[in-house]
Amino acid sequence: MITFTDLVAGYGRAGDILRGVGFTAVESAITCIVGPNGAGKSTVLKACSGLLRPRGGRILLGGDEIGGLSPAAILKRGVVQVPQHHGLFPALSVRENVMLGAYVNRHERERNRRRYEEICALYPLIADRASDKAASLSGGQRRTVEFARALMLRPRVVLLDEPTLGLDPKASAQLADSVTTLNQEGVTVLMVEQNVRFGLTLADHAVVMEGGRVLHTGNADDLLADPEMAQLFFGATPKGQVAS
Ligand SMILES: Nc1ncnc2c1ncn2[C@@H]1O[C@H](COP(=O)(O)OP(=O)(O)O)[C@@H](O)[C@H]1O
Ligand SMILES: [Mg+2]
């Protein structure tokens, strides 16, 4: 699990964006951060992956401090961010794209080959389309390849920033399957999603952020069913009810 405590972070000389963020991304569960634009959701992920050095507070992976480590050091500890958009090399095959996920360990050929076989079993699409160029895939299929690539290093934690952005409903459903598969492998997932209903339906735990702070943490289904939250996010009635 990853625990954020009193996390303070910001950009350049500007003031702090995160002003004391605290929550836990529970081990082997899916946690989704929701909140309005500019709330600081992406900034939390950037601090977690090492792209942004925290100004204060702690980020503990298991019991180990990872806040302030380099992106490479954090990756080595098993925290992987799945990149969004243009994450694949279109002229390379699906297999080559997936194998690039193990680039830092590229000399462990036998281990990588075995891992690739496991991933093919998890995501049949990879085996089916192994020698096709990534450019020939649909948007949803590309996202699956990005997930497969992230899994090559056997991550403990996967970070996802707005994974459904630009996807149609069919591709979003495929993406949901990919996330569930990741999770069934025991991976801890911390995601940000602008599609609140999609994110909370997929997630076990929810974190609501606004203005660089955490407003609420709790069970994702409960949050989805909470009329106040429905009002806040959808300006409407909760899931399952028809607005009159
Ligand atoms: N690279 C950056 N440089 C300066 N300010 C930034 C940068 N990235 C984000 N911000 C600012 O930080 C705040 C939070 O951004 P972000 O974490 O991206 O919000 P969210 O993902 O919740 O929409 C916003 O006010 C945004 O303008
Ligand atoms: Mg964002």
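Atoms within a ligand are numbered from 1 in the order they appear, just like the ligands themselves.
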**Request:** Do me a favour and list the nearest non-hydrogen protein atom to atom 10 (N) of ligand 1 with residue, atom name and distance?
**Result:** Y11 CE1, 3.4 Å
**Asked** Within the structure, does at least one protein heavy atom fall under 4.0 Å of atom 5 (N) of ligand 1?
**Response** yes
**Message:** Suppose I only count heavy atoms of T43 and a 4.0 Å limit; which atoms of ligand 1 are within that range?
**Reply:** 14 (C), 15 (O), 16 (P), 17 (O)
**Asked** Protein heavy atoms: any of them under 4.0 Å from atom 13 (C) of ligand 1?
**Response** yes
**Contact check, side chains of V26 and M1, non-hydrogen atoms, under 4.5 Å** = no
**Asked** What part of I17 sits under 4.0 Å from ligand 1 if we count only heavy atoms: the side chain, the backbone, both or neither?
**Response** side chain
**Message:** Does any part of the side chain of L182, heavy atoms only, come nearer than 4.5 Å to the side chain of Y123, both counted from C-beta?
**Reply:** yes
**Prompt:** Hey, does the side chain of K41 reach the backbone of M191 with a donor-acceptor pair shorter than 3.5 angstrom?
**Reply:** no
**Asked** What do you reckon, does K46 put a non-hydrogen atom under 4.0 Å from ligand 1?
**Response** yes
**Prompt:** Counting only N and O atoms by type, is there a donor-acceptor contact under 3.5 Å from the side chain of R115 to the main-chain atoms of N112?
**Reply:** no
**Complete:** Residue, atom and distance of the protein heavy atom nearest atom 18 (O) of ligand 1 read S42 CB, 3.6 Å
**Message:** Does only the side chain of M209 get under 4.0 Å from ligand 1, or the backbone, or both, or neither? Count heavy atoms.
**Reply:** neither
**Item:** G40 heavy atom under 4.0 Å from ligand 1
**Value:** yes
**Prompt:** Which protein heavy atom lies closest to atom 23 (O) of ligand 1, and at what distance to 0.1 Å?
**Reply:** G38 N, 2.8 Å
**Proximal ligand 1 atoms for N37, defined as those under 4.0 Å from one of its heavy atoms** = 23 (O)
**Request:** Using the side chain to side chain contact (heavy atoms under 4.5 Å, CB included) rule, pick out the option among V214, V196, L223 that qualifies with V208.
**Result:** L223
**Request:** Apply salt bridge (Lys or Arg N to Asp or Glu O under 4.0 Å) to the pair E118 and R154, showing each step before the final yes or no.
**Result:** CA-CA 11 Å; E118 288 171 10; R154 300 172 193 275; 3.5 Å; yes
**Request:** Please say which of L160, L159, L51 ends up in a side chain to side chain contact (heavy atoms under 4.5 Å, CB included) with L45.
**Result:** L159
**Asked** Do the non-hydrogen side-chain atoms of L167 and Q174 ever get within less than 4.5 Å of each other?
**Response** no
**Request:** Using a cut-off of strictly less than 2.8 Å, determine whether S42 has an N/O/S atom near the Mg ion (ligand 2).
**Result:** yes
